[in-house]
Amino acid sequence: MSFLQDLNPAQQEAVTATEGPVMIIAGAGSGKTRALTYRVAHLISLGVRPFEILALTFTNKAANEMKSRIIDLVGKESQDVWMGTFHSVLARVLRVEAEKIGFGRNFTIYDTDDSLSAVKGIMSSLGLSQQQFSPHGIRNRISLAKNHLMNPREYGSAAADLFEEKAALVYDQYERALRTNNAMDFDDLLIRPLELFNQSPKTLEKYQHRFKYILVDEYQDTNRAQYVLIRKLGDYHQNLCVVGDDAQSIYAFRGADIRNILDFENDYPDCRIFRLEQNYRSTKTILGAADQIIKNNRDQIKKNLWTDNPQGEQITSLETEDEKDEGYQIALAILHESSRLKLDLKDFAILYRTNAQSRSLEDALRRNGIPYTIVGGIEFYKRKEIKDVLAYLKVIVNPKDNESLLRIINYPYRGIGETTVKKIRTSAEQGHETIFEALLRVDSLAGVNERTKKHITEFSLLIKKYLELKVNMSASELARTLVDDLGILGDLKKDGTPEALSRWENIQELLSAITEFLRESSDAPLSSFLEEVSLISDIDTWERDRNAVTLMTLHSAKGLEFPVVFISGLEEGLFPLYPSDIEHAELEEERRLFYVGVTRTMQKLFLSYVRSRIRYGDVTFPVRSRFVDEIPQELISIVRTGARRRERTQLQSEEERRGYGTSVNRRKKERLPSLEVDFHQGNSETHDGFEGATESGISLKVGCTVEHEMFGRGRVLGISGMGDSAKAIVQFETAGRKHLMLKYANLRVV
DNA sequence: ATTAGGCGATTTTTT
DNA sequence: ATCGCCTAAT
């Protein structure tokens, strides 16, 4: 086939070895995704029917991208390939088969929050003190137990201390609760299919026969449950192809088992192993550094990554004063490098270990007028108002879903208080029925006064009404009617505070999202929208093409590449991140994470660390990360900034005004020479041609479009004042006309 | 029923 | 340092 010519010999071999178990060890940047994509395309061109192929990826985004590339190669019919994350593909299977294991096909998917509140509910009905036993910790134990395929009984008998004993107790109840709620958590999406296959060998056989070819991406990050699933599903045809790189295993913390890749040869003695060792992504410098870094890890598969690419530039290490200086230096470097290397802003990525680090970086970018997108952080679908509306929809799809029902029973306020809820819960528990069923029998509730009973009846009538409506109404129509009915939008608008306004917008956005979803996948039921929402991840919503610097965690960056990469916060304790003492295995995982970060780089890598950083509200003076020193000296040069001439940025003075900062901070700041002039000169250079540059570091002129955190987008109608007292009049698209103090408004030029 | 105050988590990374 | 949740007090 002609398209195979796009591949190098090693890739071709890996792609054409279609039969039998195959493991592809693919180094960073060696065209792993390409190999997978072409393998699927190749299979189809050989006459394999698309729906006989199962391809499991790590993110939905990866799946979608791969799919569209396959369609380009072999045509449209290939959209029938079963491709997606483990979770989404298995959810799809469960939607069909759930009844065989005692669930309804309309089961709800619980996210971590939902499952946490279920745990809390159970703890309080068991009378377990939430102070003595953290619900969070209990939930984690349960999740871990599930990932190791231990049921409550097994977990209970292996319990090593009081905490685990209690956790086992909760675990048992939790499983029952999920079953009565007709709900599954993330772990269940992997485990329930196993239960299904054990209970119904025929069903297993069906899928075993259907999936003639199975491909698994990022195999190094699969956990025990995923491993068992793959083994089972592939058992009949044995055409299993796993692709991975042990050096990039970074999810052990959530149960990923690196042994899955290390032991593949033992599991499949007749397997063939291919190695992709030519790197197409990075310069020799980058690759050399990465190689030296990973050599410090003991456990790994030997491989020899090489490249034909040029030597490239040295790595630059930035030692900066503190996190603000760090952000500033990175911003400067971006401006400098983008003009020097003729790059777009979308060619830059700033990576960090923890989400908390993004704030100072964002501030610096904003101050310098550099557009950015951030992956992760506060997710849209996790916001309260969104979760509230979604909870209504979930109940309408699955009235057994107690968690969602409890969430909305008194929202908006309808006079059903905590005490009443408690009574309802007890009544439901005693009658072995769901809460919704208990609500319908409101008359038999003891100790509830008539007025409250009336409120309850009104509520259950409301739900009943929508249960009927959903039969004939389109999902988007239903959602709109519901929101209207509840009067949420009106309430928020009346409230008038910026927070309420932003919530109002969010709900509107949710409604549009539902409409949009239904238009794309015609006549899909509401439940499939809810499923999509539950399984969406941060990286899935990232717009690659937007011309802006990308900020994200190192974990999110896996699988991506950028011409210029900054890895920030390279300090002992932060990266590698460790609590007090770090175990060897954990340190190795941190190092692999660093390796992943370094190998995202195509041309030029910057590493940064600070001399002082505020963490947990305290000033700390960290030590440079050992990882920096693992890079050979000839590949790296160190630049120190801010030692004498620390810039006083606007943010600091803002913080002072608001009275933030420890006394240590304040004293320190007072001693600092004010070098605002320097800073602002440097700053204004980047804004040539703009009018009304203000001290807050934002440059506005009349007529430009800006974005406000609360009010959304708007047009600048006028600017007045200087420095701290600078004001702008902005006409917002949704929020009307506002007079804003630039110093506080945090306007972003769009 | 509402509010103030306190306490713990957050600051690991995600489906 | 800040947030959000929980509890206790009014």
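Note that these values count all heavy atoms, side chains included, but never hydrogens, waters or copies made by symmetry. Numbers restart at 1 for each chain; the letters A, B, ... are given by sequence-line order, proteins then strands.
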### Message
Within the 4.0 Å heavy-atom criterion, would you say A/Ser88 contacts the bases, only the backbone, or no part of the nucleic acid?
### Response
nothing
#### Entry: A/Phe58 CZ - B/dT13 P separation (whole Å)
14 Å
### Message
So A/Tyr110 and A/Asp401, do their side chains get closer than 4.5 Å, heavy atoms only?
### Response
yes
### Message
Are A/Lys146 and A/Tyr155 packed together at the side-chain level, in the sense that at least one heavy-atom pair is separated by less than 4.5 angstrom?
### Response
no
### Query
How long is the line joining CZ of A/Phe133 and P of B/dG8, in whole Å?
15 Å
### Query
Of A/Asn60 and A/Thr419, whose closest DNA chain B nucleotide lies nearer the 5' terminus?
A/Thr419
### Message
By nearest atom, which of the nucleotides B/dA9, B/dT13, C/dC5 is closest to the A/Lys120 side chain?
### Response
C/dC5
### Query
A/Thr112 side chain: which of B/dT14, B/dA1, B/dT15 is closest?
B/dT15
### Task
Kindly indicate whether the side chain of A/Arg615 and the base of B/dT11 share any N or O donor-acceptor pair separated by less than 3.5 Å?
no
### Query
Hey, is the side chain of A/Thr553 poking within less than 4.0 Å of OP1 or OP2 on B/dT12, counting only N and O atoms?
no
### Query
Rounded to whole angstroms, how far apart are CZ on A/Arg139 and C1' on B/dG8?
18 Å
### Task
Mind calculating the distance between CD (A/Glu218) and C1' (B/dT14) to the nearest angstrom?
13 Å
### Message
Among B/dT11, B/dT15, B/dT14, which nucleotide has an atom closest to any side-chain atom of A/Tyr251?
### Response
B/dT14
### Message
Over all strands shown, is A/Lys384 touching base, sugar-phosphate only, or nothing at heavy-atom distances under 4.0 angstrom?
### Response
nothing
### Query
To the nearest Å, how far apart are A/His555 NE2 and B/dT15 C1'?
13 Å
### Message
Measure CG/A/Asp618 against C1'/C/dA1 and give the value in whole Å, please.
### Response
9 Å
### Query
Taking the side chain of A/Ala356 as its heavy atoms from C-beta onward, which of B/dT11, B/dT13, C/dC5 lies nearest to it?
B/dT11
### Task
Look at A/Lys558 and B/dT14 and indicate whether a side-chain polar atom (N or O) is within less than 4.0 Å of OP1 or OP2.
no
### Query
CG of A/Asp322 versus P of C/dA1: gap in Å, rounded?
16 Å
### Message
side chain to side chain donor-acceptor pair (under 3.5 Å) for A/Ser143 and A/Asp187? Distances and angles first, verdict last.
### Response
CA-CA 7 Å; A/Ser143 174; A/Asp187 304 318; 2.9 Å; yes
#### Entry: Between B/dT13 (C1') and A/Arg592 (CZ): distance, integer Å
13 Å
### Query
Can you tell me if A/Asp257 and A/Asn223 form a side-chain donor-acceptor pair at under 3.5 Å?
no
### Query
Out of C/dC6, B/dT15, B/dT12, which has the shortest distance to the side chain of A/Glu590?
B/dT12
### Query
Toward the 5' end of DNA chain B, which comes first, A/Glu418 or A/Arg254, by nearest nucleotide?
A/Glu418
### Summary
Looking only at B/dT10, B/dT15, B/dT14, the nucleotide nearest the A/His136 side chain is B/dT10
### Message
Tell me whether the side-chain N/O atoms of A/Asn355 come closer than 4.0 Å to OP1 or OP2 in B/dT13.
### Response
yes
### Query
Below 6.0 angstrom between ring centroids: does that apply to A/His555 and A/Tyr251?
yes
### A/Lys32 and A/Asp217: CA distance, side-chain angles, deciding distance, salt bridge (charged side-chain N to carboxylate O under 4.0 Å, His left out) verdict
CA-CA 9 Å; A/Lys32 170 173 70 85; A/Asp217 194 10; 3.2 Å; yes
### From B/dT12, B/dT10, B/dT14, nucleotide with atom closest to A/Tyr616 side chain
B/dT10
